[in-house]
Every structure is written in C-alpha cells, then in structure tokens.
Amino acid sequence: MEYIVETHNLTKRFGKEIAVSALNLKIPKGEVYGFLGPNGAGKSTTLRMLLGLMRPTAGSVRIFGRDLKKDRISILRNVGSLVESPSYYSHLTSYENLEAMRKILGSPKEKIDEVLELVHLSKAADKKVKGFSLGMKQRLGIAMALLNDPKLLILDEPTNGLDPSGIIEMRNLIKRLPKEKDMTVLISSHLLSEIDQVATYVGVISKGKLIFQDSIKAMRKKAQLKIRLKVSDANNAYRSLLAKGIKTDYQDNIIYLYEQSDEAVAAVVEILVDEGYSVYRVEEEHQSLEDIFLKMTAGGDDR
Amino acid sequence: MIAKLLATDFLKIKRKGLWFLTVLGPFGVVLLQWFNYELVPGRREWLLQRSDDDWLFYLQNVNSFTPLALVLGITILTSLAASIENETNAWKQLVALPVSKMGVFLSKFTVLAFLLAVASVLLFFFTWLLGIYLDLGSVIPYAEIAKFSFYPYFASLPLLALHLWVATVSNNQGIPISLGVVGFLFTSYSFKLPDWLPWKWPSLQNQWDEPLVNVVLGICVGVILYITGMLDFARRDVK
Amino acid sequence: MISLLQSEWFKLRKSKFVFTAILLGPLITFFYALTLQPDKFGFEKIFLWEFLIAFTTLLYALHFLPLTTGILAGLICRYEHQNGGWKQLLAMPVTRNQVFLAKYTILILIALTIQLLYLLAIWTSGVLKEAEEPFPMMLLWKSIFGGWIATFPLLALQLWMSMLFKSFAAPFAVNVVFTLPAILAVNSEKFGPLYPWAQPFLMMYVSGDAENDIFFVPWEQVLTVVGGSFLIFFFGGLLYFRQKENI
C-alpha cells in the first residue's frame with residue numbers, strides 16, 4: 001500500500017509531560033483517515049508536527065514519501081490545513097484573506113472564487129471577517145485549506161461551529177474530495193460519530209499513544225451483534241448446547257450465540273425447550289463503535 | 001518566495017493604521033517644532049537669537065524629538081504587526097504554508113523597515129518645508145537636513161530588530177510595549193548613556209562627535225540582532 | 001462590587017508581568033537616583049534630597065508615568081480581549097457600570113502603589129547616599145498625592161482606548177501621541193498648565209511658590225484641567241463601554 005503520511009516513533013515532550021509518544025501513523029493514499037481521540041489526547045500536537053509547526057522531540061515524519069525535516073517547503077506546497085480554531089485576519093474581507101494566502105501559494109486568482117463557492121461564502125466575499133459567525137469563519141478556514149488543490153488535506157475538527165446542514169455539506173465534501181480531486185484527507189475529531197460517517201480508515205489515539213489503526217471495516221467487525229439468551233439453569237443449558245456441538249459463550253448466567261441466522265436461533269431455542277429449560281429472554285445485543293471506542297480509550301486511562 | 005511574502009504582508013497591514021502612523025510620526029515631530037517656534041508670540045525671535053546658524057539650531061530642535069518618535073514608533077509598529085498575526089494565532093496558518101520561517105521573519109522586518117524609511121523621507125520633506133516657512137535663511141542646508149532625517153533611521157535598526165524579535169515571540173504584547181517605554185526613557189536621557197547602548201545611537205551623539213559612527217554601528221548591530229531574532233523565531237514551536 | 005474588584009485583581013496578577021510593569025518605574029528611578037552626583041552639579045550635600053527629587057521627577061513624572069498608564073490599562077483589558085472574554089464577563093450578574101468602575105478602581109490603586117514605590121525609591125537612594133538632612137516627607141507627600149491625582153484622567157482615557165482597540169499597540173499609540181507634546185508643553189507657561197498630559201509632572205514638581213496648600217499647582221488648574229479632562233475621559237469611556245455591542 002502507498003502511504004501518503006508515515007510517521008516513525010513520533011514523540012513530543014513539553015517539559016516533563018509527554019504529549020505524543022512514539023506514534024507510528026500510516027495514512028494510505030486516497031483514504032479519508034479519521035484521527036480519533038478524546039480531548040487532550042495529543043491530536044492537535046500530532047497535526048502540528050505533521051505541518052512542521054512543532055518540532056518532534058524524537059522520531060520522523062514522511063509525507064508523500066519525503067522527509068518533512070528536509071523537504072518541508074516542497075511538501076507543504078501540496079498540503080492544505082485547518083488546525084484548531086480557524087486563523088484569519090479579522091480586519092480583512094474573506095476575499096482579501098484568501099488573496100493574502102494565494103499570493104504565497106501562487107494559485108491562479110480564479111481559485112479564490114472557486115473555493116468561496118465551494119464553501120458557500122461567495123456572497124460574503126467582500127465582508128470583513130470580523131462580523132462573521134463561527135460557522136462562516138470555519139468555512140473560510142476550509143476554503144483556505146483548499147486554495148492550493150492539496151494532495152493531502154488536514155482538517156482538525158472540521159465540523160466545529162457548523163449548523164446541521166453545514167455539517168452534512170461538510171461530510172459530503174470530505175467524502176467527495178478523494179474521488180474527485182485525488183486527495184487524501186486526514187480529519188481529527190473527538191466524536192466517533194463524526195469519523196464513522198466519513199472515514200474509511202481510523203486511528204485512535206489516547207494519552208499520546210496510538211491504540212488502534214486499521215480500516216473502519218476492521219473496527220466495525222469488533223462491533224458485531226450478539227444474541228443473548230436468558231434461561232433457567234444457564235450453566236447446565238450451556239453444557240447441553242456444547243454437547244450438541246453448538247458453539248456459545250457463557251458469562252454471568254447469560255448464554256451468547258455466535259451463529260445469528262434466524263434458523264440457528266430457532267434451533268437453539270428448540271433444543272433448550274426440548275431439554276426442559278425455560279427460555280426467559282432472547283435478545284439482540286449491539287455493541288456500538290462508541291462502546292468499543294470508550295473501552296479502548298478507557299484502557300488508556302489505566303496506564 | 002520573499003516577494004510573495006512581502007505582497008501578503010503589505011496586504012495584511014491595510015486598515016490597521018500602520019500607514020497612518022508612518023505619516024503621523026514625522027508630521028508630529030515637525031509639528032512640535034512649529035508649536036515651539038510659532039505658538040507663543042516672540043518665541044521665534046528669541047529662539048533665533050540663541051544661535052548663529054538658524055538652520056542648524058532648528059535641525060537640532062527637530063532632532064531632539066526624532067529619536068523619541070523613532071523608538072516609540074518602532075515599538076508601536078512592530079507590536080501592531082505582531083498582533084495582526086497573534087489575534088487569531090494566524091502564525092500557524094502562515095507557517096503551514098510553503099514558506100520558511102526565516103522568510104516570514106525577513107518579510108515582516110522588510111515591511112517595517114520600509115515603513116520607517118518612508119517616515120524618514122517624509123521627515124526630510126516636512127523638516128525642509130517648515131524650515132522654509134520659518135524663514136531660517138536662504139541657504140538651505142540640504143545635506144544637513146538629509147543627515148538629520150536619515151542617520152537616525154539607520155542608527156535605530158538594532159532597535160527595530162530587537163523589537164520585532166520580542167514582539168513576535170511574546171504572547172503578551174505588554175512586554176514589547178514596556179520594553180519600548182524603557183527604551184524611550186533611555187533615549188530621553190541619551191546624553192547620559194554610554195556609547196555602546198543602542199538606545200543612544202538615534203540621537204547621533206557619541207564621544208567622537210561623528211554621527212557616521214552611529215550609522216555604521218546601527219547597521220552592523222542591526223544585522224546581528226536581526227539574525228539572532230530570526231534564528232530564535234525559526235527555532236520556536238508554533239502553538 | 002468587592003468581589004468584582006477581587007476578580008479583576010486576580011486576573012491581572014495571574015499574568016506575572018503586571019508586577020514588572022509596576023516595579024519598572026520605581027526601579028529605574030532608584031538606579032537613576034544612585035547615579036546622580038550633586039557635587040558634579042555644584043550642589044551642597046544639604047540639598048541632596050531636593051536635588052534627587054528634582055532630577056528624578058523629570059524622568060519619572062514626565063517620561064514614565066503617562067506612558068505607564070497605557071500599559072496598565074492595556075493589561076487590565078487583555079484577558080477580556082482574548083477569546084471573547086468580554087462576553088463571558090458581561091454575561092455574569094454584573095452591570096457594565098460596575099465592570100468599568102472595577103477596572104478603573106484597580107488602575108488607580110495600582111497607580112497609587114507605583115507612586116508609593118517611587119517614594120520608597122527616592123528614600124532608599126537618599127539613605128544609601130548618606131543624606132544628612134531629614135527626609136522632606138511633607139513636601140513629597142504633596143508630590144506623590146498630586147501626581148497620583150494627575151494620572152486619573154490619563155488612566156480613564158487609556159481604559160477607554162484599551163476597551164476600544166483589541167491590540168495593545170493601538171491604545172499605546174494614542175498615549176504616545178499625547179505624551180510626546182507634554183515634553184514641550186511643560187516648558188510653556190501658557191500651555192503647560194492647560195495640557196492634561198503635562199499635569200503629572202507639574203503636580204509632582206516641587207515648587208514652593210504655589211499658594212495652594214495641598215498641591216504644587218493652583219486649585220483652578222486641578223479642578224478645571226485635571227478634573228475636567230477626567231470627567232470627559234471617564235464618562236466618555238463609560239458611555240462607550242455601556243453601548244459597546246460587538247463584544
């Protein structure tokens with residue numbers, strides 16, 4: 001697989017506190033990589049190091065296969081970013097803000113109108129940013145990030161401050177970009193639901209450590225359905241099922257079935273009734289991604 | 001790259017009053033002399049009696065305020081320029097662009113040095129015009145006017161470099177402003193300062209009575225302080 | 001109101017820099033006073049106090065005090081200008097009048113502290129220089145108190161400007177524009193007494209000829225120039241703050 005971003009043991013220490021610890025991020029090309037973690041887990045610090053805003057205490061960053069330390073400027077030419085709250089010059093209009101960036105990036109002038117259109121700010125092009133709402137400022141920040149047609153787009157909590165329709169638009173935009181513009185997107189969030197709806201790849205960070213990194217499918221597999229059975233004399237019932245060659249789990253007087261087709265469940269219930277056990281409840285238990293995420297990050301707390 | 005950064009920086013200082021202050025500084029310095037000579041009847045005659053060379057005496061009067069205006073002007077302009085970036089922490093946006101941090105610093109320095117140069121040119125013209133208005137003599141000492149307008153500029157370059165450094169790395173702009181107030185005190189008492197202190201240099205005084213020494217010192221130390229500030233700025237993490 | 005004052009002071013002292021700002025003037029005065037040598041100017045040692053006071057007043061009251069009011073006012077509004085602190089403060093059960101008054105009260109109390117530290121600086125330097133005469137306390141009280149009163153209008157204007165501008169430098173620029181002419185104004189018998197920014201110097205400068213038994217300048221000047229400019233700046237700032245919407 002081709003990785004757009006690859007970090008090797010990336011570490012950042014502030015004084016005694018270790019903010020990011022030996023991170024090995026691998027972001028495959030053309031994916032929307034969701035960077036997930038609770039507040040203060042080290043997401044922003046990591047993104048800052050990816051952009052060369054902060055120097056790693058140890059470790060290295062490779063973007064587009066090149067070393068960030070050596071080729072920072074040429075790498076950044078193809079990176080668009082919005083880190084934490086959007087930065088802007090409040091005494092300038094949104095057009096002027098983009099113009100100030102465009103002069104440095106050297107993109108064509110038409111690009112400004114294009115990105116303003118994309119984030120629905122065309123009407124506010126000549127208004128000073130001072131009077132903007134939080135959502136408008138956020139959109140301007142995203143317009144800034146898209147100004148240079150980046151190959152890698154880094155967005156820190158991109159739906160911050162947006163209204164519901166804005167959030168949906170933003171999600172659609174993020175999903176479209178990899179296909180249409182051949183972009184790789186890295187978005188961070190502390191909300192799993194955000195990541196779940198757009199990301200194709202996930203990295204979970206907690207207390208500065210990467211505790212999970214795989215495709216979103218692999219993460220969902222961890223969140224399978226289970227069928228719970230509550231029966232009389234559960235321990236013996238479990239043994240009877242085992243003797244019949246049906247694989248189940250037994251825990252705290254509850255039997256969990258692996259096989260979940262209607263037929264399989266019906267068969268199990270039939271056997272139990274035949275054997276003289278009373279079946280009190282047959283329930284589905286859904287373990288959400290949220291539960292998994294919470295378990296993962298809670299595990300981080302013990303350290 | 002530096003040309004692009006400069007174009008951006010000139011765009012950013014729009015509507016922030018930097019140009020206004022650039023004009024106000026030299027205008028104010030000369031206006032104070034107009035007050036000095038003209039506001040009180042008879043004062044002009046009294047001032048003219050005090051020296052043989054009316055033009056030179058007038059230029060010295062102007063120059064008693066030029067260093068003060070320069071020190072405070074540098075303090076204000078650098079702090080304003082830094083707060084444009086500080087307000088929404090635009091440093092992170094700027095440094096994440098394909099530019100070097102040294103380039104960012106150089107561009108800011110160049111813009112401010114340019115504004116101060118404009119102020120010096122204006123000072124030359126305002127001084128000249130008021131001199132003619134005050135009727136100080138038909139032989140206009142252009143070389144001397146130029147000297148009193150441009151030498152302080154070069155002599156104050158170390159202060160520009162120092163202030164830009166402090167302003168860009170300070171989270172609290174009260175720090176560079178307070179440094180400016182101390183600098184202002186030093187400059188007000190420049191006649192008491194030892195020659196090696198940069199705050200003395202804009203006054204063009206030194207023990208050899210040779211203003212050019214201050215100009216050369218200003219440029220050399222300015223370059224050293226500039227490089228120190230730039231390296232430190234580039235070394236720091238952007239928060 | 002008391003709790004508001006405490007909260008203002010708490011916010012201020014959290015940025016340790018305020019102590020530097022307070023100590024700056026008195027410390028510079030102290031070291032400057034140490035370098036002064038009366039005999040070089042042909043003064044007898046019995047005049048040591050008068051000599052120290054006269055020279056330091058020029059530095060402290062003319063050049064330092066007016067500019068410092070700007071730094072202090074900037075500091076007291078700094079927290080609110082960061083990350084929308086104004087709306088957080090005003091969303092609390094306090095009136096805008098109270099907020100303005102609390103900030104202003106803190107400012108004049110700090111100004112008084114600086115004045116007292118200045119007094120201490122002179123006293124210490126004089127003692128170190130082994131002054132033989134007794135410390136002219138009565139004379140200095142007039143000076144300290146007068147200088148303090150003279151900063152009232154300046155602090156009010158600077159508070160106004162600091163609320164108006166987000167950046168630190170902009171209100172300071174206003175301050176500079178008014179302070180620089182004071183250097184000329186104090187030399188003018190006609191304009192000096194009328195110019196508010198010259199008042200800290202005029203009211204601190206020890207001169208025996210005034211009939212006024214509390215200040216070194218005539219009562220009319222205190223009431224009209226200091227009092228008048230105070231009223232304009234204080235109520236101007238207060239009215240501005242009361243109708244300030246974009247916070």
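Proteins come first, then strands; the chains are lettered A, B, ... in the order of their sequence lines, and each starts at number 1.
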Contact leader toward chain B among [options], where contacts are heavy-atom pairs under 4.5 Å:
options                         : value
V79(A), L53(A), L105(A), T45(A) : L53(A)
M54(A), H91(A), K103(A)         : H91(A)
G141(A), S87(A), S90(A)         : S87(A)

Trace of the side-chain contact (heavy atoms from CB on, under 4.5 Å) decision for L25(A) with E6(A): CA-CA 5 Å; L25(A) 285 181; E6(A) 237 179 313; over 6 Å; no

Proximity breakdown for R102(A) and chain B, heavy-atom pairs closer than 4.5 Å: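 Neither part.
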
Which atoms of R48(A) approach chain B - backbone, side chain, both or neither, heavy atom under 4.5 Å: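 The answer is the side chain of R48(A).
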
Taking the six-membered ring for Trp, are [X] and [Y] ring centroids under 6.0 Å apart?
X       : Y       : result
F148(B) : F124(B) : no
W91(B)  : F233(B) : yes
F132(A) : Y88(A)  : no

Partner chain A: residue of E85(B), R236(B), K101(B) with the largest heavy-atom pair count (under 4.5 Å):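 Heavy-atom pairs under 4.5 Å are most numerous for E85(B).
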
Sub-4.5 Å side-chain heavy-atom contact between P178(A) and V32(A):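 When only atoms from C-beta onward are counted, V32(A) and P178(A) do touch, with a gap below 4.5 Å.
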
